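Here is how names work: the chains are called A, B, and so on, in the same order as the sequence lines, proteins then strands, and each is numbered from 1. From a predicted model like this one, the values you see are computed outputs, not experimental measurements.
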Protein chains: 2
Amino acid sequence: MPPGLTIGDFSRITHLSVKMLRRYHESGLLEPAEVDPHTGYRYYTVAQVPTAQVIRRFRDLDMPVREVKEVLAAEPDARGVLIAEHLARLEKQLDATRAAVRSLRGMLEPDRAPITVEHRAVPALPTAAVTATVALGEVLAWYDGAMAEIGTILGTHRRAPGGPPGGLYGNELFTAERGSATVYVPVPDAPTGGRVRPYVVPAAELAVTVHHGPHDDIDVTYGALGSYVTDYALGVAGPVREIYLVGPRETADPAAWRTEIAWPIFRTATATATASAPASAAGLDT
Amino acid sequence: MPPGLTIGDFSRITHLSVKMLRRYHESGLLEPAEVDPHTGYRYYTVAQVPTAQVIRRFRDLDMPVREVKEVLAAEPDARGVLIAEHLARLEKQLDATRAAVRSLRGMLEPDRAPITVEHRAVPALPTAAVTATVALGEVLAWYDGAMAEIGTILGTHRRAPGGPPGGLYGNELFTAERGSATVYVPVPDAPTGGRVRPYVVPAAELAVTVHHGPHDDIDVTYGALGSYVTDYALGVAGPVREIYLVGPRETADPAAWRTEIAWPIFRTATATATASAPASAAGLDT
DNA sequence: CGTCAGGGCTCCCTCGGGGGGAGAGTCAAA
DNA sequence: TTTGACTCTCCCCCCGAGGGAGCCCTGACG
């Protein structure tokens, strides 16, 4: 048989660049039908054209090369599942984009209400908690799983929550994109089971503010609270706390959510002397 | 004055990682309010928090860092324009994604109609044309501009098109992602003006097929035609041609578009001997 | 006032998905 | 057989982000 299509011919037919065809060969995504062992020349066949086109489509959809390979290797029915999963990811990403646009519009409006910050001393709180080291991008998924598990354990042990659930997020989580995170449900005499452990949230003095609405904007509230804490020259003592006063388990409408953000503080030597104007969360100041 | 917030403090407040803050400093996107010349320590102020949050939002929208810098530097009204442009790009990208999904669904259906290929010898054709070296990704935008310019020039010189417009696309455009492209409108005695030059599309023997619908799928038709040409052991002689029988200027409905794809061919020595089954554009064959 | 941990600094490597180009080897048409 | 077009590998670049080593600086505590 003739050796088939050279890489250039195949490139012309599929509109995949020669560079990409070589990379796809390297990565095992699209093996040439034949490779001359002496010269290294790659030879393709017309039967590979449709495969190449399908690869192109998946890559157009930003499906990772690894995954495209899996899809091509999978049986047709499993294939459908993988594709559906990817499309769901695209949809989620689209939601995030929409949220970012919405939030951006809000931020560029110059009329932002100043936040109110409350100081509060809280006693130690016994809870049932799950703690782990997670990456910042995975916190949401991890949170859902952990909260569900706490709910299950409390249910089997017939304990009723003694207050709204909350979380503690280590500072490294934000400075280094991954760090320790804890989510808890207050309950006296907490049971153990699965990842759930009893944990006593330590007593602390907190600077607290309430974030209204979905968590897409929560960094703005963090910023406002952080600015306040800085303006009053307060030191940060330990992980940030969030208390989910109204969350997805209370209402399906994210706009109705209420999240307390609590920053454990201690007064530095200069704290009382340096108090000045309250923090502002205004728009750009370039 | 105190030196302000350390990079860690600022990171906690803005939820931008320390790494990213340093990169944004390097790239000039977000300069610390102060940098200690001896230690290199970066110090930020709370006034920079809103800026950081806006940067975060733009990055969430995949706006390139270069561009975010421009947006921040621009006056508020020019800012609106840049943002609108970016949102338009996102919208366009979304369309492309939808098209890819649609096309993918079609490709994974196993019942694809085989294409019909026609051989045609065409004489030399005098035209008014624009030629340039363009990147594959920019062809569409370039095409629109070039066609508009040809239309303008023909209008001022009172020449009527002598047939459907077309294009010639060098093979390098596909093998190397950039190459020479020509678009033309047939007209005897073509005028000169702007980028428009008279150009005679050379006579050739062509293998021609018609692509129906929007150009998102056009690579499939290219693949089918390429497979046909290969199956009949024909050589490729010169740039591929497209003839826009029904295009955006005839109808707003992309599904009604008709594009001829014409591959200049020559018969190789083995051509008549090797003729075999017609090309198929069927689904995956993994 | 000295110690020392925590946090800051720079520099380099990695990843993913691409591009450009050099230098050498190969194929096939004239 | 020549020669130009094609292909090979290898290395560098881009973007935007992360990991980690090794060293220096700051500040709270004793």
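- If you measure from atom CG of Asn171(A) to atom C1' of dG7(C), you get 12 Å, rounded to the nearest angstrom.
- In this structure, Tyr222(A) and Ile13(B) have side chains that are not in contact, with every pair of non-hydrogen atoms separated by 4.5 Å or more.
- Distance from the side chain of Arg42(A) is smallest for dC8(D) among the nucleotides dC8(D), dA17(D), dG8(C).
- In the helix from dC1(C)-dG30(D) to dA30(C)-dT1(D), the terminal helix axes, each the rotation mapping four pairs' C1' atoms onto the next four within five end pairs, subtend 20°, rounded to 10°.
- If you take CZ of Arg178(B) and P of dG20(C), they are 7 Å apart, rounded to a whole angstrom.
- Summarising the geometry of Lys69(B) relative to Ser27(B), their closest heavy-atom pair is NZ-O, 2.8 Å, with the distance given to 0.1 Å.
- Between His15(A) and Phe174(B), the two ring planes are parallel [angle under 30°; tilted spans 30° to 60°].
- We find that CG of Asp60(B) is positioned 14 Å from C1' of dA17(D), with the value rounded to whole Å.
- In this structure, Glu67(A) atom CD and dG17(C) atom P are separated by 10 Å, rounded to whole Å.
- A salt bridge links Arg98(A) with Asp95(A): the closest approach of a Lys/Arg side-chain nitrogen to an acidic carboxylate oxygen falls below 4.0 angstrom.
- Atom pair Ile55(B):CD1 and dA17(D):C1' shows a separation of 16 Å (rounding to whole Å applied).
- The CZ-P distance, from Phe10(A) to dT7(D), rounds to 13 Å in whole Å.
- A sub-4.0 Å separation between OP1 or OP2 of dC11(C) and a side-chain N or O of Arg23(B) is absent.
- Electrostatic pairing of Arg42(A) and Asp36(A) does not count as a salt bridge here, judged by no charged N lying under 4.0 Å from a carboxylate O.
- In this structure, CD1 of Ile7(B) is placed 13 Å from P of dG7(C), rounded to the nearest angstrom.
- Closest to the side chain of Asp36(A), from the set dG18(D), dC9(C), dC27(C), is dC27(C).
- Listed pair Tyr24(B) / dA17(D) meets the phosphate criterion, a side-chain N or O lying under 4.0 Å from OP1 or OP2.
- Side-chain proximity of Val65(B) to the nucleotides dT7(D), dG17(C), dG16(D) is greatest for dG16(D).
- A donor and an acceptor atom never sit less than 3.5 Å apart when one is taken from the side chain of Lys19(A) and the other from the base of dG17(C).
- Nearest heavy atom pair, residue Gly40(B) against residue Val35(B), reads O-CG1, 3.9 Å.
- Taking for each of Ala176(B) and Arg66(A) the nucleotide of DNA chain C with the nearest heavy atom, the 5'-most of the two is the partner of Arg66(A).
- Looking at every heavy atom in both residues, Ala74(B) comes nearest to Arg79(B) through O-NH1, 3.5 Å.
- The side chain of Arg22(B) places an N or O atom within less than 4.0 Å of a non-bridging phosphate oxygen (OP1 or OP2) of dC9(C).
- Between dC6(D) and Thr6(A), no contact under 4.0 Å exists linking OP1 or OP2 to a side-chain N or O.
- Dashed line: the shortest gap from a side-chain N or O of Arg59(A) to OP1 or OP2 of dG18(C) is under 4.0 Å.
- For dA17(D), the OP1/OP2 oxygens have no side-chain nitrogen or oxygen of Ser17(B) closer than 4.0 Å.
- In this structure, the OH atom of Tyr44(B) is 11 Å from the P atom of dG8(C), given to the nearest Å.
- In this structure, of dC27(C), dG21(C), dG18(C), it is dG18(C) that holds the atom nearest to the side chain of Met20(A).
- In summary, Glu67(B) and Arg89(B) engage in a salt bridge, as defined by a charged side-chain N under 4.0 Å from a carboxylate O.
- Nearer the 5' end of DNA chain C, as judged by each residue's closest nucleotide, is the contact made by Arg12(B), out of Tyr41(A) and Arg12(B).
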